[in-house]
Amino acid sequence: MSSSEENVVLPKEDEVFLTPKGENYKIVKLLGKGGYGAVYEVIRQRDGKHLAIKCESAEMTKKVLQMDLDVMKGAEAIRSVHFCKVEDRAYIKDRFNMIVMKLINKNLWDLRVERKDMRFTLNTALKAATQSLLCIEELHRIGFLHRDIKPGNFAIGRPEAKENHVVFMLDFGLARRFMTDRKKDIRIPREQAPFRGTTRYAPLAAMMNHEQSRKDDIESWMYMVVEWTSGALPWRKYKANNRKEVEKMKQQLKDRDESMLDEFYAHCPRKEFDRILQYLHSINYFNIPDYKYVLYAIEHAQKANGFKHSDPVDWDENNPYTGPAGPIGDGEPLESIPAGADKEKAGRTKDIKEAKEVGANKVNKLSPSKMS
Ligand SMILES: Nc1ncnc2c1ncn2[C@@H]1O[C@H](COP(=O)(O)OP(=O)(O)OP(=O)(O)O)[C@@H](O)[C@H]1O
């Protein structure tokens with residue numbers, strides 16, 4: 001679709017859309033545009049609540065909105081606080097499909113580059129690392145891989161909703177279910193898989209056209225966390241058309257090239273971050289990553305640097321931090337939960353909640369000295 005055709009079908013400022021639920025939403029402004037369509041801030045006319053709508057042109061052959069919907073419904077069924085709640089949906093005839101969801105705030109790419117030295121304080125980077133890891137573990141628990149973990153796909157909530165210390169995960173356009181249809185086993189990896197992701201953060205597996213798995217989302221998370229902490233990655237000057245160069249440098253890290261490791265970990269808590277990276281390089285496609293081990297490493301870095309949970313984050317320097325710090329699950333995949341979570345699933349939610357609480361106790365009992 002050409003951009004002029006796109007402008008005709010996509011919403012315009014002040015337009016009002018009626019959904020089958022009988023709700024009217026008025027467009028306030030465009031928040032962002034992607035290959036699939038666009039995201040807008042809207043006001044629900046009934047109660048004046050500010051929400052977001054994500055639209056996908058009806059003509060798009062590759063439908064990504066359904067995947068967004070499946071993931072967000074799954075996250076709702078486990079009562080995650082890290083995903084936007086879906087409030088409504090509609091098909092606007094001959095124009096676009098849309099989902100209405102919670103409105104959130106700036107993403108973690110914008111928050112970092114706004115800073116004078118283009119990096120978060122170590123306290124903030126580690127807090128963002130913890131919350132984004134919790135997002136990834138929950139996504140895996142409901143049966144999906146993200147396959148495009150990057151700072152632009154994590155955002156903080158709005159202060160009006162008292163959610164500006166909560167990190168949300170966004171954009172499931174490249175997500176993939178990793179369990180078989182019977183939801184018992186991991187899907188057999190394809191021999192070759194087309195590249196999915198963003199060159200700067202993509203795991204080595206993706207760069208080598210291998211099937212991605214849970215460990216690969218965490219490898220991307222590691223690159224993102226290092227960038228938050230140090231302000232840059234060694235391969236920052238390379239773009240998507242230099243994928244081979246970037247792959248070579250990520251391979252040098254895996255091969256323990258000392259000068260590459262020195263550059264990669266500049267300004268980072270090297271001991272803890274390196275434990276994580278070496279661990280990720282030691283596991284394979286079928287392994288359930290040990291999310292708690294990764295979290296311990298981050299906690300260890302926090303304790304070693306004397307940070308407290310209440311120390312403020314960079315985007316809200318005058319208030320104590322109140323963000324969630326877990327609990328984290330075992331990563332044992334549940335059967336993925338399709339759109340329209342029903343009553344039968346409500347019972348399962350209780351089980352999941354209990355399992356999470358047990359997980360929390362275990363985390364608290366273990367000593368960070370395990371990392372040294
Ligand atoms: N619920 C929301 N509330 C506020 N802003 C949002 C919301 N969802 C998405 N956005 C913003 O809209 C933009 C596009 O969103 P999203 O990442 O879902 O689409 P995308 O086009 O697939 O992204 P990209 O192509 O940049 O990876 C991003 O800047 C994001 O921060």
Side-chain angles (χ1 to χ4, degrees), residues 1 3 6-7 9-11 13 17 25-44 49-57 60-73 75-76 80-90 96-114 128 131-132 135-136 139 144-164 166-176 195-202 206 217 220-221 223-224 227 239-240 315:
M1 186 168 47
S3 66
E6 191 180 86
N7 288 338
V9 299
L10 288 175
E13 232 173 82
F17 295 100
Y25 300 92
K26 185 172 179 176
I27 304 288
V28 177
K29 63 175 186 221
L30 178 70
L31 295 171
K33 242 179 180 177
Y36 64 89
V39 180
Y40 300 81
E41 179 176 342
V42 295
I43 298 182
R44 187 162 61 195
K49 189 170 178 184
H50 287 247
L51 294 159
I53 63 167
K54 186 166 182 172
C55 304
E56 172 183 74
S57 160
M60 288 295 281
T61 43
K62 187 176 183 309
K63 302 274 184 241
V64 297
L65 220 48
Q66 187 58 47
M67 189 57 95
D68 276 309
L69 203 60
D70 288 352
V71 169
M72 289 192 269
K73 284 284 176 194
E76 201 181 324
S80 170
V81 298
H82 295 286
F83 295 76
C84 294
K85 181 171 185 283
V86 180
E87 300 268 348
D88 204 350
R89 58 188 293 188
F96 52 84
N97 285 300
M98 67 180 216
I99 53 176
V100 184
M101 61 180 148
K102 180 196 282 270
L103 177 69
I104 53 171
N105 200 343
K106 289 189 179 171
N107 67 52
L108 276 105
W109 170 270
D110 293 336
L111 286 169
R112 178 183 70 86
V113 299
E114 270 172 14
Q131 283 207 48
S132 48
C135 296
I136 295 171
L139 181 73
F144 296 92
L145 303 175
H146 191 284
R147 302 196 303 170
D148 197 18
I149 296 292
K150 61 179 181 181
N153 284 336
F154 292 93
I156 56 169
R158 296 164 72 227
E160 297 88 331
K162 296 195 168 53
E163 287 176 339
N164 60 333
V166 180
V167 172
F168 290 83
M169 187 183 240
L170 284 175
D171 192 1
F172 307 99
L174 294 184
R176 181 178 166 89
F195 178 77
R196 293 281 180 273
T198 301
T199 300
R200 185 179 291 189
Y201 308 98
D217 275 349
S220 296
W221 166 89
Y223 301 140
M224 173 175 82
E227 189 181 53
K239 299 271 181 285
W315 56 84

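Ligands are counted one by one from 1 in listed order, and the atoms in each one are counted from 1 as well. Any value given below was found using the heavy atoms of this structure, including those in side chains, with hydrogens, waters and symmetry copies removed.
The protein heavy atom nearest to atom 25 (O) of ligand 1 is Gly34 CA, 4.2 Å. Considering only non-hydrogen protein atoms, atom 13 (C) of ligand 1 sits nearest to Gly32 CA, 3.8 Å. Protein heavy atom nearest atom 5 (N) of ligand 1, with residue, atom name and distance: Leu31 CD1, 3.6 Å. In terms of protein heavy-atom proximity, atom 24 (P) of ligand 1 is nearest to Asp171 OD2, 3.8 Å. For atom 3 (N) of ligand 1, the nearest protein heavy atom (residue, atom name, distance) is Ile104 N, 2.9 Å. In this structure, atom 18 (O) of ligand 1 lies nearest to the protein heavy atom Lys54 NZ, 2.8 Å.
Note that CG of Leu31 and NZ of Lys106 are 12.5 Å apart. Values are rounded to the nearest 0.5 Å. Between atom OG1 of residue Thr199 and atom NZ of residue Lys150 there is a gap of 10.0 Å, rounded to the nearest 0.5 Å.
Contact annotation for Asn105 and ligand 1: no heavy atom of the residue comes within less than 4.0 Å of the ligand. Contacts of Lys150 with ligand 1, taken as heavy-atom pairs under 4.0 Å, involve the side chain alone. Proximity of Val39 to ligand 1, defined as any heavy-atom pair under 4.0 Å, is confined to the side chain (atoms from C-beta onward). With a 4.0 Å heavy-atom cut-off, ligand 1 is reached by the backbone of Lys102 but not by any atom from C-beta on.
Aromatic rings of Tyr40 and Phe17 (six-membered ring for Trp) have centroids beyond the 6.0 Å cut-off, not under it.
Residue Ala52 approaches ligand 1 through these ligand atoms, each under 4.0 Å from one of its heavy atoms: 1 (N), 2 (C), 3 (N). Short contacts between ligand 1 and Met101, defined as distances under 4.0 Å to a heavy atom of the residue, involve ligand atoms 1 (N), 8 (N). Short contacts between ligand 1 and Cys84, defined as distances under 4.0 Å to a heavy atom of the residue, involve ligand atoms 1 (N).
For the pair Ile156 and Trp315, the minimum side-chain heavy-atom distance is below 4.5 Å. No side-chain heavy atom of Leu65 sits under 4.5 Å from any side-chain heavy atom of Phe96. No side-chain heavy atom of Arg44 sits less than 4.5 Å from a side-chain heavy atom of His50.
A donor and an acceptor atom, one from each side chain of Tyr201 and Glu227, are located under 3.5 Å apart.
Among Met169, Met101, Lys102, the one residue that satisfies the side-chain contact (heavy atoms from CB on, under 4.5 Å) test with Met72 is Met101.
Ring pair Phe172/His146 is perpendicular by interplanar angle, where above 60° counts as perpendicular and below 30° as parallel.
With respect to the salt-bridge test (charged N to carboxylate O, under 4.0 angstrom), the residues Arg158 and Glu163 do not qualify. Ion pairing between a basic and an acidic side chain is recognised when a charged N comes within 4.0 Å of a carboxylate O; Lys54 and Asp171 show such pairing.
Residue contact annotation: Lys106 has no non-hydrogen atom under 4.0 Å from ligand 1. In this structure, Ala155 falls outside the shell of residues with a heavy atom less than 4.0 angstrom from ligand 1.
Shown here, atom 22 (O) of ligand 1 is in close reach of the protein: a heavy atom of it lies under 4.0 Å off. Atom 28 (C) of ligand 1 is not flagged as protein-proximal [any protein heavy atom, distance under 4.0 Å].
The residue among Leu108, Leu170, Leu103 with a heavy atom at the shortest distance from atom 8 (N) of ligand 1 is Leu170.
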